[in-house]
2 protein chains.
Amino acid sequence: MSQGEMLGPVDDAVGYVLKQAAVALRNAMDAALRPLHLTVPQYACLELLGQHPGLSNAELARGTFVTRQSMNVVLRGLEDRGLVTRPVTAPRGRELPTVLTQAGLDHLRTASVAIRRIEKKMCGDLTPAQQKGLLEALATCVRSLADTP
Amino acid sequence: MSQGEMLGPVDDAVGYVLKQAAVALRNAMDAALRPLHLTVPQYACLELLGQHPGLSNAELARGTFVTRQSMNVVLRGLEDRGLVTRPVTAPRGRELPTVLTQAGLDHLRTASVAIRRIEKKMCGDLTPAQQKGLLEALATCVRSLADTP
DNA sequence: TGCTCTATGTCAGGACTTTGACATAGCAGA
DNA sequence: TCTGCTATGTCAAAGTCCTGACATAGAGCA
């Protein structure tokens, strides 16, 4: 029994299974990214930058659900490896728009196929309708939790 | 824009929305448990012990998706606060079966209603069918990811 | 113009979690 | 019997992430 199964009532709690799924996905992503010498936050940063070039540190942090400080060290690491570039001076306000380098784009492409393979595996036993329903249900949950009261 | 919305294609990725939902739930739970001076892992430990008295450290760790070491410090904290009890000597093997004290049970009850309120809020805008589908879909995802290949 | 408020980037410190390692207890098979 | 093998509890070290704080840049308003 590698991962708990016969726990009982907790398995009926949406929150518990949600956590379980998130951890399983995280572990799978971590294993898939390790050969590429990328951590999950680093990959998330690259993926976001690939889809939205020029994002600032704070925007990347919000998009990957970490703090600005954490994203800052991630960006420094990626910058030292030559995967992303930031201007030395802020063109507007204090935001430093970050863009992928060619090496960063290459890394992103290989990592992206690996992650897409993981997602395919995760949702492989779901019908398209189930997958659509899952996506919508999760989005609804996020929206419901965001309501302040 | 407190949390990213207009991100685009990433919102269509199941993994991304899954992470988003998990973080939102985690934050909501953390806020709800703070008045009770409980962290999420501590609550998870109490909840698991409430449903399965006598669980060992390693079993609790697996049930809450952390390492044995982390669960060990959690248990020490709960033990120092008098919420759980462990025998000084192992009745079988090296396992130390942990049980809730009366104070631990009281804490669990109040915390449990708070967390149930969070879950209710999270799933409030979902139909019972949607909720059932979400639970099943997540369980299927976990099972699919657990397959070794 | 000047003031306040918000947002950004960054530094230092601390809290939490994980990785690595070790000794020990039970189990299965030669 | 005894010899791997697995599992458990625990210690030490490292890593990761967050909280708190500060200076700065732009927006809104008197």
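Chain identifiers are assigned alphabetically (A, B, ...) following the order of the sequence lines, protein sequences preceding nucleic acid strands; residue numbering begins at 1 within each chain.
Checking dT17(C), dG9(C), dG9(D) against the side-chain heavy atoms of Asn57(B) singles out dG9(D) as nearest. Of the candidates dG9(C), dT8(D), dC18(D), the closest approach to any side-chain atom of Ala58(B) belongs to dT8(D). The side chain of Asn72(A) sits closest to dT10(C) out of dT17(C), dT10(C), dT24(D).
Side-chain contact check for Lys19(A) versus Arg26(B): some heavy-atom pair is nearer than 4.5 Å.
Distances shorter than 4.0 Å separate some side-chain N or O of Thr67(A) from OP1 or OP2 on dC18(D). The side chain of Arg62(A) places an N or O atom within less than 4.0 Å of a non-bridging phosphate oxygen (OP1 or OP2) of dT8(C). Contact annotation: Ser70(A) reaches the phosphate of dC18(D) (side-chain N/O to OP1 or OP2, under 4.0 Å). Proximity of Arg68(B) to the phosphate of dC11(D): no side-chain N or O atom is located under 4.0 Å from OP1 or OP2. At least one side-chain nitrogen or oxygen of Arg86(A) sits closer than 4.0 Å to the OP1 or OP2 atom of dT10(C). Within the structure, a side-chain polar atom (N or O) of Arg76(B) is placed less than 4.0 Å from OP1 or OP2 of dC11(D).
If Glu95(B) and Thr39(A) are placed on DNA chain D by their nearest nucleotide, the residue sitting closer to the 5' end is Glu95(B). Nearer to the 5' terminus of DNA chain C, by closest-nucleotide assignment, is the contact made by Pro97(A) (compared with the other of Pro97(A) and Arg94(B)).
The closest donor-acceptor contact from the side chain of Gln51(B) to the backbone of Leu48(B) lies at 3.5 Å or more, if one exists at all. Put simply, the side chain of Thr101(A) gets close to the backbone of Gly82(A): a donor and an acceptor are under 3.5 Å apart.
When rounded to the nearest whole Å, the span between CZ of Arg34(A) and P of dT18(C) equals 14 Å. In this entry the distance linking CG of Leu55(B) with C1' of dT8(D) reads 14 Å, nearest Å. If you measure from atom CD of Glu79(A) to atom C1' of dT10(C), you get 13 Å, rounded to the nearest angstrom. Rounding to whole angstrom units, CG of residue Asn27(A) and P of dT17(C) are separated by 15 Å. For Leu96(B) and dA7(D), the CG to C1' distance is 13 Å, given to the nearest whole Å. The distance between atom CZ of Arg92(A) and atom C1' of dT6(C), rounded to the nearest whole Å, is 14 Å. Separating the CD atom of Glu59(A) from the P atom of dT8(C) is a distance of 7 Å, rounded to the nearest angstrom. Atoms CG (Leu75(B)) and C1' (dT17(C)) sit 15 Å apart, rounded to a whole Å.
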Item to complete: Go through the steps to decide whether Arg34(B) and Asp30(B) satisfy the test salt bridge (Lys or Arg N to Asp or Glu O under 4.0 Å), and finish with yes or no.
Response: CA-CA 6 Å; Arg34(B) 194 166 304 128; Asp30(B) 210 65; 2.9 Å; yes
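Counting atom types as modelled, Gln69(B) pairs a side-chain N or O with a base atom of dG20(C) as donor and acceptor under 3.5 Å.
Across all strands, Val73(B) comes closer than 4.0 Å to no nucleic acid atom at all (heavy-atom distances).
A donor atom on one side chain and an acceptor atom on the other are found under 3.5 Å apart for Ser144(B) and Asp125(A).
Heavy atoms only, all atoms of each residue included: Ala21(A) and Leu138(B) are closest at CB-CD2, 4.0 Å.
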